[in-house]
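Notes for the one structure printed next.
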Amino acid sequence: MGEWKDCWKKSVKIQYREVKVENEGIETFENRGGELKADKELDYILKGVKGEIYPCKKDIFHKTYTLEPPKISLKEAFECILADEKARD
């Protein structure tokens with residue numbers, strides 16, 4: 001088995017919302033993978049960078065995401081822009 005290495009999730013803005021109460025606190029919705037269910041007490045519903053919709057457990061959400069944009073220096077922002085432009089070429 002390979003060696004574990006550190007990595008960080010890229011700073012990408014996505015959207016989230018509370019689960020709409022439908023049947024016993026469960027919301028059912030469709031995405032490309034079929035029918036999914038989200039529980040009002042346990043889940044948020046996320047919309048990813050490509051518009052994909054999926055449930056996420058609230059505890060995982062709070063460990064993974066922040067509601068404030070990342071604080072980076074002007075130099076870091078410029079490097080990110082250059083890297084993004086280079087990746088698009």
Side-chain angles (χ1 to χ4, degrees):
M1 192 180 283
E3 176 186 350
W4 289 101
K5 298 176 185 176
D6 292 338
C7 64
W8 290 261
K9 205 170 208 185
K10 291 182 179 182
S11 297
V12 176
K13 183 174 114 180
I14 66 168
Q15 294 179 313
Y16 82 104
R17 67 174 175 80
E18 301 274 338
V19 173
K20 293 184 218 167
V21 177
E22 289 181 357
N23 186 12
E24 298 179 14
I26 303 293
E27 179 179 346
T28 303
F29 58 95
E30 295 280 332
N31 76 3
R32 284 183 257 169
E35 185 177 275
L36 296 174
K37 294 183 180 190
D39 185 299
K40 179 168 179 58
E41 299 300 318
L42 303 174
D43 301 310
Y44 289 124
I45 297 177
L46 307 184
K47 180 167 39 169
V49 295
K50 294 183 178 180
E52 69 279 15
I53 306 292
Y54 55 95
C56 179
K57 297 296 178 204
K58 288 182 178 181
D59 62 330
I60 301 297
F61 176 86
H62 290 291
K63 289 177 184 176
T64 308
Y65 299 99
T66 178
L67 301 181
E68 295 182 21
K71 294 174 176 68
I72 62 173
S73 69
L74 188 57
K75 179 184 177 197
E76 291 171 312
F78 185 68
E79 289 170 350
C80 288
I81 291 168
L82 289 176
D84 186 51
E85 287 177 356
K86 187 180 254 187
R88 291 180 191 195
D89 291 340

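Since the model is a prediction, treat every value here as computed from it, not as a measurement. By convention here, the first residue in the shown sequence is residue 1.
A pairwise comparison of heavy atoms in Glu41 and Asp39 identifies N-OD1, 2.7 Å as the closest pair. Shortest non-hydrogen contact noted between Cys56 and Leu46 is CB-CD1, 3.6 Å.
Atom CG of Leu74 is surrounded by 12 or fewer heavy atoms from other residues, nucleotides or ligands within 6.0 Å.
Residues near Ile60 contribute nothing to a hydrophobic cluster around it, because no ILVMFWY side-chain heavy atom sits closer than 4.5 Å to its side chain.
Residues meeting the salt bridge (Lys or Arg N to Asp or Glu O under 4.0 Å) test with Glu76, sequence neighbours left out: none. Taking the salt bridge (Lys or Arg N to Asp or Glu O under 4.0 Å) definition, one finds that Lys57 meets it with Asp43, sequence neighbours left out. Scanning for side chain to side chain donor-acceptor pair (under 3.5 Å) contacts around Glu35 gives an empty result, with sequence neighbours left out. Partners of Lys5 according to the salt bridge (Lys or Arg N to Asp or Glu O under 4.0 Å) rule, which considers only residues two or more places apart in sequence or in another chain, do not exist here.
Atom CD1 in Ile14 sits 10.5 Å away from atom NZ in Lys47 (nearest 0.5 Å). The line from CG of Leu36 to OH of Tyr54 is 12.0 Å long, rounded to the nearest 0.5 Å.
A donor-acceptor pair is defined here as one N or O able to donate and one able to accept, closer than 3.5 Å; no such pair exists between the side chain of Glu68 and the backbone of Thr66. Side chain of Lys40 to main chain of Glu24: no donor-acceptor pair is present (N/O by atom type, distance under 3.5 Å, no hydrogens or angles).
Between Ile53 and Ile45, some side-chain heavy-atom pair lies under the 4.5 Å cut-off. In this structure, the side chains of Glu27 and Glu18 stay at 4.5 Å or more apart for every pair of heavy atoms.
Residue pairs meeting the ring-ring contact (aromatic ring centres under 6.0 Å, His included) criterion with at least one member in residues 9-33, sequence neighbours excluded: Tyr16-Tyr44, Tyr16-Phe61.
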